[in-house]
Amino acid sequence: MNEKIALFLEGFATETFQRELIQWFEREQRELPWRKETDPYKIWVSEVMLQQTKVDTVIPYFQQFMEQFPTLEALADADEEKVLKAWEGLGYYSRVRNLHAAVKEVKERYGGKVPDRAEEFSKLKGVGPYTTGAVLSIAYGIPEPAVDGNVMRVLSRIFLIWEDIAKSKTRTLFEAIVRAIIDHDHPSYFNQALMELGALICVPRKPACLLCPVRSHCRSFREGVQEQLPVKTKKTKGKEMDIVAAVVVDEKGRVLIHKRDSDGLLANLWEFPNCRVASENRKHQLESFFLDMYGVSVTLRFPFAALQHVFSHLVWNIVAYYGKIVGDVVETDRLKLVSEEELGQYAFPVSHQRIWEQYQKREI
DNA sequence: TACTCGTGGCC
DNA sequence: TGGCCAAGAGT
């Protein structure tokens with residue numbers, strides 16, 4: 001690996017690159033809530049929220065989250081229901097369940113101080129190579145690489161690297177390059193500057209090369225192939241699933257909701273009872289599902305909504321029915337009857353928020 | 001390694 | 001309009 005890296009670095013003016021990159025960052029960086037913070041816990045939370053998520057989406061969640069859980073201990077001591085509720089709508093919900101578990105471990109094992117050693121911090125749940133480098137460099141000034149999609153795009157262009165960034169192994173190549181060129185005096189700004197450059201200038205399509213502070217170092221710009229990089233193979237679009245859901249109410253107007261399994265898609269979020277079906281006899285299949293899975297007799301009436309929800313890897317085609325409960329319901333930890341006002345306390349995926357929005361438009 | 005795991009915005 | 005994209009990690 002070292003020989004390969006040495007080949008990339010041949011003729012590369014590392015110190016000039018560092019200086020020009022960091023000076024640009026000091027001039028042009030965006031003001032973001034977490035950039036005012038030095039608390040490693042807050043830096044950590046921001047990095048987890050930012051995984052696969054746009055800055056503009058994260059900002060209001062970050063601010064609300066910090067009001068509700070201002071310290072590591074506050075988060076560690078919080079109920080998971082409230083933590084999930086604070087994450088509602090952000091997606092990738094295992095991030096916050098892992099963060100919650102990790103913060104508890106930091107409280108117990110490390111006395112509430114976020115570890116500043118990569119070997120320790122990276123063992124925590126939900127903390128991978130990127131988050132390790134980001135938190136250690138930004139919060140503690142430690143020169144660890146923080147290679148995200150921005151960094152791979154920027155460096156693939158600068159060093160004219162044609163490796164497929166969709167392959168998981170490719171990231172290690174970029175980590176080795178960052179280790180070789182990171183500014184040991186300013187690792188936080190160096191890492192952030194690479195990402196900020198990718199977010200503002202060296203964007204995926206039509207990069208603004210004429211505004212780029214390091215274009216004199218950029219080999220793909222010199223060759224005129226910057227828009228062909230990075231190489232990223234396409235992923236196949238996900239499968240479609242037909243889902244039937246129902247908003248069923250009892251004689252008091254309470255709504256039946258179900259808590260999803262603790263593993264897999266949308267883990268531990270609440271939903272309106274639903275099942276996957278074949279296209280025929282949807283109503284009957286769902287009525288049988290209520291009886292078999294929950295022991296609840298229901299009478300379904302007619303559909304009030306049909307909606308499609310597209311995930312990154314699959315598609316739900318949902319038809320939602322009105323329904324009434326016949327007889328009794330045995331409530332459990334994962335099956336509850338709640339009033340319409342109480343629904344707001346439970347975290348729902350966006351697809352089921354849509355179902356509820358449609359339901360509330362009813363005129364019957 | 002390749003697949004799973006959300007959501008909103010963009011052109 | 002639909003495919004692509006976004007400060008990835010777990011398995």
Side-chain angles (χ1 to χ4, degrees), chain A residues 25 29-30 32-35 43-62 84 87-99 101-102 121-139 144-154 164-172 174-175 178 188 191-200 202-207 230 232-240 260-269 271 308-316 347-354:
Chain A
F25 181 70
Q29 64 168 301
R30 294 167 290 180
L32 302 173
W34 44 91
R35 287 189 173 154
I43 304 296
W44 183 9
V45 172
S46 74
E47 291 301 340
V48 174
M49 286 187 171
L50 285 162
Q51 289 168 11
Q52 299 294 285
T53 310
K54 296 219 188 278
V55 164
D56 289 342
T57 303
V58 167
I59 288 173
Y61 281 92
F62 178 80
L84 265 180
W87 207 267
E88 184 185 46
L90 247 191
Y92 286 143
Y93 300 95
S94 66
R95 289 184 296 176
V96 75
R97 296 194 303 124
N98 286 333
L99 175 64
F121 185 62
S122 64
K123 282 181 185 162
L124 297 167
K125 282 189 178 177
V127 177
Y130 165 76
T131 305
T132 300
V135 172
L136 290 197
S137 65
I138 297 172
E144 282 286 319
V147 175
D148 69 341
N150 286 312
V151 172
M152 289 196 285
R153 182 174 59 256
V154 169
D164 180 3
I165 67 167
K167 295 187 180 295
S168 40
K169 183 182 161 195
T170 302
R171 196 200 68 255
T172 61
F174 288 100
E175 284 178 347
V178 171
S188 168
N191 281 339
Q192 290 188 75
L194 276 183
M195 293 187 275
E196 194 80 339
L197 190 67
L200 300 182
C202 196
V203 292
R205 281 188 289 267
K206 298 185 186 299
K232 188 175 185 181
T233 54
K234 301 166 186 168
K235 33 184 153 183
T236 59
K237 65 173 184 182
K239 288 194 169 182
E240 296 197 20
R260 293 176 60 86
D261 190 80
S262 59
D263 286 317
L265 183 67
L266 304 169
N268 280 354
L269 270 69
E271 64 185 1
Q308 183 177 69
H309 193 79
V310 180
F311 297 87
S312 44
H313 60 298
L314 61 90
V315 179
W316 278 356
F348 286 82
V350 167
S351 52
H352 285 250
Q353 294 176 39
R354 303 259 187 273

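In what follows, chains are A, B, ... by sequence order, proteins preceding strands, each numbered from 1. Values below: every heavy atom of this structure, side chains too, minus hydrogens, waters and symmetry copies.
- The NZ atom of A:Lys167 sits 20 Å away from the P atom of C:dG8 (whole-angstrom rounding).
- Shown for residues 124-133 of chain A: no residue has heavy atoms falling under 4.0 angstrom of DNA chain B.
- Residue-to-nucleotide proximity on DNA chain C shows that, of A:Lys54 and A:Arg171, the 5′-proximal contact is made by A:Lys54.
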*Applying ring-ring contact (aromatic ring centres under 6.0 Å, His included), run through A:Trp87 and A:Tyr61 and close with a yes or a no.*
CA-CA 7 Å; A:Trp87 207 267; A:Tyr61 281 92; 7.5 Å; no
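- Taking CZ of A:Arg153 as the start and CG of A:Asp148 as the end, the distance is 8.0 Å to the nearest 0.5 Å.
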_Derivation and outcome, side chain to side chain donor-acceptor pair (under 3.5 Å), residues A:Thr131 and A:Arg95_ = CA-CA 12 Å; A:Thr131 305; A:Arg95 289 184 296 176; over 6 Å; no
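- Separating the OG atom in A:Ser262 from the CG atom in A:Leu269 is a distance of 12.0 Å, to the nearest 0.5 Å.
- In terms of modelled atom types and a separation under 3.5 Å, the side chain of A:Glu196 and the main chain of A:Arg30 share a donor-acceptor contact.
- Residue A:Trp87 contributes atom CH2, which lies 13 Å from atom P of B:dT7 at whole-angstrom precision.
- At the heavy-atom level, A:Lys232 lies under 4.0 Å from the strands shown only through sugar-phosphate atoms.
- At whole-Å resolution of the value, CZ in A:Phe121 and P in C:dG8 are 15 Å apart.
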Under 3.5 Å, which N/O atoms of the protein pair with N/O atoms of nucleotides 3-6 of chain B?
| unit_1 | atom_1 | unit_2 | atom_2 | d |
| --- | --- | --- | --- | --- |
| B:dC5 | OP1 | A:Leu265 | N | 3.3 |
| B:dC5 | OP2 | A:His313 | NE2 | 3.2 |
| B:dG6 | OP1 | A:Tyr92 | N | 3.4 |
| B:dG6 | OP1 | A:Tyr93 | N | 2.9 |
| B:dG6 | OP2 | A:Leu266 | N | 2.4 |
| B:dG6 | O4' | A:Tyr92 | N | 3.0 |
| B:dG6 | N7 | A:Tyr92 | OH | 3.3 |
| B:dG6 | N7 | A:Ser312 | OG | 3.1 |
| B:dG6 | O6 | A:Tyr92 | OH | 3.0 |
| B:dG6 | N1 | A:Gln52 | O | 3.0 |
| B:dG6 | N2 | A:Gln52 | O | 3.3 |
| B:dG6 | N2 | A:Thr53 | OG1 | 3.1 |

*Give the intermediate values and the outcome of side-chain contact (heavy atoms from CB on, under 4.5 Å) for residues A:Phe62 and A:Val55.*
CA-CA 10 Å; A:Phe62 178 80; A:Val55 164; over 6 Å; no
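- A:Ile59 places its CD1 atom 14 Å from the C1' atom of C:dA6, with the value rounded to the nearest Å.
- In this structure, the CH2 atom of A:Trp44 is 15 Å from the C1' atom of C:dG8, given to the nearest Å.
- A side-chain donor from one of A:Asp164 and A:Thr233 sits under 3.5 Å from a side-chain acceptor of the other.
- The distance between atom CG of A:Leu200 and atom P of C:dC5, rounded to the nearest whole Å, is 18 Å.
- A 4.5 Å side-chain heavy-atom check between A:Asn268 and A:Arg260 finds every atom pair outside the cut-off.
- We find that CG of A:Asp164 is positioned 9 Å from P of B:dA2, with the value rounded to whole Å.
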*Test side chain to side chain donor-acceptor pair (under 3.5 Å) applied to A:Glu144 and A:Thr132, step by step*: CA-CA 8 Å; A:Glu144 282 286 319; A:Thr132 300; over 6 Å; no
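- Nucleic acid contact for A:Trp34: base, since at least one base atom lies under 4.0 Å from a heavy atom of the residue.
- Going from atom CD of A:Glu47 over to atom CD1 of A:Ile138 covers 4.5 Å, rounded to the nearest 0.5 Å.
- Taking atom P in both C:dA9 and B:dG8, the straight-line distance is 22 Å, to the nearest Å.
- Residue A:Arg30 is in base contact, counting any heavy-atom pair closer than 4.0 Å across all strands shown.
- Residue contacts for A:Leu99: at a heavy-atom cut-off of 4.0 Å it reaches no nucleic acid atom on any strand shown.
- Among the atoms of the strands shown, none is found under 4.0 Å from any heavy atom of A:Arg97.
- For the P atoms, the distance from B:dC5 to C:dG2 is 24 Å, rounded to whole Å.
- For A:Arg205, the side-chain atoms get nearest to C:dC4 when compared with the rest of C:dC4, B:dA2, B:dG8.
- At whole-Å resolution of the value, CD1 in A:Ile165 and P in C:dG8 are 11 Å apart.
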